[in-house]
Structure formats: C-alpha cells, structure tokens
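Quick notes on the structure that follows.
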There are 2 protein chains.
Amino acid sequence: MAAALSADVEWTDPTCPVARAVDLVGDRWILLIIRDAMDGASTFTDFHQRLGVARNILSDRLRRLVEHGILSKEAQAVGKRHVYALTEAGEDLFIAIVAMRQWGERHAFSPEESHSSLVDRAGEPVPELQLPATDGNPLTAATTHVRKVS
Amino acid sequence: MAAALSADVEWTDPTCPVARAVDLVGDRWILLIIRDAMDGASTFTDFHQRLGVARNILSDRLRRLVEHGILSKEAQAVGKRHVYALTEAGEDLFIAIVAMRQWGERHAFSPEESHSSLVDRAGEPVPELQLPATDGNPLTAATTHVRKVS
DNA sequence: CTACATGAGTTGCATTTTGAAACCATTATG
DNA sequence: CATAATGGTTTCAAAATGCAACTCATGTAG
C-alpha cells in the first residue's frame with residue numbers, strides 16, 4: 001500500500017485521516033472526476049464533456065490528482081494522446097464514492113424523482129453499505145468515537 | 001426517509017446521486033463540520049475552535065447545512081444559546097465519513113506516521129467497510145456500472 | 001500540399017469565494 | 001457596573017473559479 005502522495009500537502013489536521021482525505025479529494029470536481037473515471041472516462045475530453053467543468057479547472061484538478069498518486073497519466077502511441085487511469089489508491093475510493101451515492105439516493109431525492117443506480121455485472125443493485133459491530137448491530141456515530149493519537 | 005432539502009439547489013447533475021450528494025456536502029469545511037458534529041461538537045464556538053475556519057465561512061456553512069436539513073439549530077434556554085445537532089440525514093453520513101477516514105488511513109499516511117482512529121464502545125477498532133457481492137467477493141468499480149435513468 | 005478538424009491544454013481577464021480582522025449585540029460573571 | 005464569553009456580521013484584500021479566446025501538435029479530406 002504505497003502512499004498516495006508525492007507532492008507535499010499542507011494538511012488541515014495532520015493526525016486526522018478524515019481531514020487528510022478531505023485535503024486530497026474533498027473537492028466538488030475531484031469527486032466527480034473520480035466518479036466518471038470509475039464509469040469509464042479516461043481522456044481530458046471525456047471528463048470535460050461529462051462534467052461541463054471549465055477547462056483550466058479540469059486541467060488543474062487532473063494535474064493535482066496525478067501528483068497525489070490518485071490518477072496516472074500515460075501517453076498513448078497512436079490516436080488519442082493521453083489516457084488518465086485510476087491508480088490503486090484511486091480505485092480504492094470506490095467505497096467512498098458508493099457511500100456518497102447511497103446517501104444521495106436516500107436524502108437528496110424526493111420520492112417521485114428517479115435517479116441512476118449502481119448495479120453489478122448481473123444487473124443487480126449494489127447492496128447498502130453498513131458497518132456491523134461484533135454483536136451484529138450496525139455501528140453509528142453514537143456507538144463509536146475517535147481515539148486521538150497519543 | 002424525508003428529503004434533506006428544503007431550500008432549492010442548483011444540481012450539477014440532477015439524475016446522479018453522487019453529484020447531488022457532492023452538491024450538498026462535497027465541500028472541505030462541510031465534511032469536517034460533520035466529522036466534528038459526530039465527535040461531539042455542537043456550538044458555533046466548538047466548531048470554530050476545532051476547525052480554525054474563518055467565522056464568516058463557518059457561519060455560512062452552518063446555515064446551509066441547516067437549510068438542507070443536515071443539521072438542526074435549537075436555542076437553549078440557559079447557558080449556551082444555540083446547539084447544532086445532526087438530523088437523521090446528517091447522522092446517516094456516518095458511513096461516508098468512515099469511508100473517507102478509512103481511505104485516508106490507507107493512502108494518506110506513510111507507515112511511520114500515526115493517526116487518530118475510530119473505535120467502538122469497547123475500544124475495538126471499527127472494521128473496514130466493504131461491499132460484498134452475492135458471491136462473497138468484494139464489488140469494485142470494475143465489477144459494477146452505473147445504469148442511467150430511463 | 002493545403003485546409004480543416006480534433007485533442008489537450010494555456011492565457012487573460014471578470015466574477016465569486018475565501019480568509020483575516022474588526023466590529024456588534026446579547027447574555028453572564030465578578 | 002465593568003468585563004468577558006457567545007454567536008455572529010461587516011469590511012476588505014487575496015485567492016479560486018469560470019468563460020472565452022488562443023496555442024500547438026497531430027490527423028484527415030480534398
């Protein structure tokens with residue numbers, strides 16, 4: 001498990017993994033870039049067309065993601081020049097994106113609105129994430145706490 | 001499951017739950033506010049001291065979170081005046097925050113750095129989130145895809 | 001070979017958002 | 001009564017964002 005970061009980052013809160021994650025990927029466009037990368041987008045134009053983000057901003061975000069080891073950028077010999085691909089660290093954001101998606105499905109749509117959904121290869125809906133304790137009941141914010149570093 | 005939103009939002013991508021979630025909570029300070037709310041922060045001063053965010057920005061984010069039904073704001077009779085608390089929709093972000101935390105633990109720390117950790121009431125570390133398919137293997141971006149709305 | 005199109009950006013501003021500091025209004029507290 | 005704490009708002013400078021236009025390299029049709 002290599003570190004995702006080669007460039008130096010000014011951490012908001014150096015001992016908190018949530019804060020470090022937010023420093024790296026807690027940006028509106030970055031999260032949507034990763035969503036689209038997981039859905040098959042791979043070139044600058046892919047991302048630009050899907051997101052409708054300004055080109056300079058897209059350029060900046062792609063560069064930062066490559067610097068931080070979340071995307072890789074490879075030159076292709078023929079045809080399309082550059083291909084962005086998720087690194088292992090980028091692929092590993094899958095659970096986080098799914099968590100966002102499932103929260104959005106539950107809380108950002110009214111009952112009569114329809115939305116896209118995530119399905120497996122058989123076309124079956126992906127199940128809901130949960131965090132079972134050893135006793136089987138789901139853990140929540142109320143049943144857990146942060147143990148600060150010593 | 002009531003909708004989280006009372007105020008109108010300009011959705012970046014109205015049919016995508018990830019995009020709607022990002023529109024509501026995909027902001028650096030918002031995610032850290034929710035983290036701290038889950039860790040016991042409840043007043044303006046709590047959040048300000050923990051985050052070190054500018055007061056006007058904090059004020060704006062708290063207002064937006066209340067507008068969108070993620071936090072509630074209640075006046076207290078005696079002592080501290082206002083108390084912010086997570087609504088049901090806010091509590092339900094627990095899994096998403098944990099996903100961010102676990103990704104951060106895996107990819108934003110070098111081996112020799114230490115970080116805070118999330119433990120249950122018994123002091124046991126919270127297990128890693130995963131998304132098992134019906135066959136038992138974890139689902140990934142490669143084994144799932146987005147089915148667009150019809 | 002020339003003209004045009006495509007991909008992947010960069011540059012130059014105008015607008016927006018952010019951040020820091022100061023200010024303000026209401027309770028408490030000595 | 002003077003002072004402090006709480007929960008903000010205002011002001012203004014600096015940074016980030018967004019849009020349009022420009023660049024530059026390759027590929028493609030005539």
Side-chain angles (χ1 to χ4, degrees), chain A residues 7-13 19 22-37 40-68 70-86, chain B residues 7-13 19 22-37 40-68 70-86:
Chain A
D8 33 35
V9 181
E10 276 290 298
W11 302 119
T12 300
D13 182 348
V22 165
D23 285 340
L24 293 173
V25 298
D27 169 84
R28 94 191 250 83
W29 293 122
I30 283 179
L31 288 167
L32 296 178
I33 286 169
I34 291 163
R35 174 200 65 173
D36 284 350
S42 67
T43 65
F44 188 92
T45 305
D46 279 349
F47 291 110
H48 183 237
Q49 288 176 349
R50 296 195 193 207
L51 294 173
V53 56
R55 304 167 74 77
N56 52 345
I57 303 300
L58 177 58
S59 176
D60 175 77
R61 295 301 187 275
L62 290 172
R63 185 166 32 70
R64 281 162 48 177
L65 286 168
V66 170
E67 276 174 10
H68 294 153
I70 294 162
L71 289 180
S72 64
K73 180 182 187 175
E74 283 139 48
Q76 209 76 340
V78 189
K80 287 180 172 178
R81 264 89 54 98
H82 299 137
V83 175
Y84 293 94
L86 292 163
Chain B
D8 32 34
V9 182
E10 277 288 299
W11 302 119
T12 300
D13 183 349
V22 165
D23 284 340
L24 293 172
V25 299
D27 169 86
R28 95 192 249 80
W29 293 123
I30 284 180
L31 288 168
L32 296 178
I33 286 168
I34 291 164
R35 175 200 65 174
D36 284 350
S42 67
T43 66
F44 188 92
T45 305
D46 279 350
F47 291 111
H48 183 237
Q49 288 177 348
R50 296 195 192 207
L51 294 173
V53 56
R55 303 169 74 79
N56 52 345
I57 304 300
L58 177 57
S59 176
D60 174 77
R61 294 300 188 278
L62 289 172
R63 184 166 30 71
R64 281 162 48 177
L65 286 167
V66 170
E67 276 174 10
H68 294 151
I70 294 163
L71 290 180
S72 64
K73 181 182 187 174
E74 283 139 47
Q76 207 76 338
V78 189
K80 288 178 172 180
R81 263 88 53 98
H82 297 135
V83 174
Y84 293 94
L86 291 163

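The shown structure was predicted, so the numbers you read here are calculated from the model rather than taken from an experiment. Residue numbers begin at 1 in each chain, while the letters A, B, ... track the order of the sequences.
One finds a side-chain N or O of S59(B) lying less than 4.0 angstrom from the OP1 or OP2 phosphate oxygen of dT9(D). Contact between the side-chain N/O atoms of Y84(B) and the OP1/OP2 oxygens of dT6(D) is not found at any separation under 4.0 Å. Considering only side-chain N and O atoms, H82(A) lies under 4.0 angstrom from the phosphate OP1 or OP2 of dG9(C). Applying the 4.0 Å criterion to OP1 and OP2 of dT17(C), one finds that W29(B) has every side-chain N and O outside that range.
Nearest-nucleotide positions on DNA chain D for R55(B) and R55(A) put R55(B) closer to the 5' end.
When heavy atoms are screened at a 4.0 angstrom cut-off, R61(B) is found touching the sugar-phosphate backbone but no base atom. Among the atoms of the strands shown, none is found under 4.0 Å from any heavy atom of F47(B).
Each of dG19(C), dG18(D), dT17(D) was ranked by its minimum atom distance to the side chain of A54(A); first place goes to dG18(D). Of the listed nucleotides (dG19(C), dG8(D), dG7(D)), dG7(D) has the atom at the smallest distance from the side chain of T43(B). The nucleotide whose nearest atom lies closest to any side-chain atom of N56(B) is, among dT17(D), dT11(C), dA20(C), dA20(C).
Rounded to whole Å, atom C1' of dT26(C) lies 15 Å from atom CZ of F44(B).
One finds no salt bridge joining D27(A) and R28(B) here, because no Lys/Arg side-chain nitrogen approaches an Asp/Glu carboxylate oxygen to under 4.0 Å.
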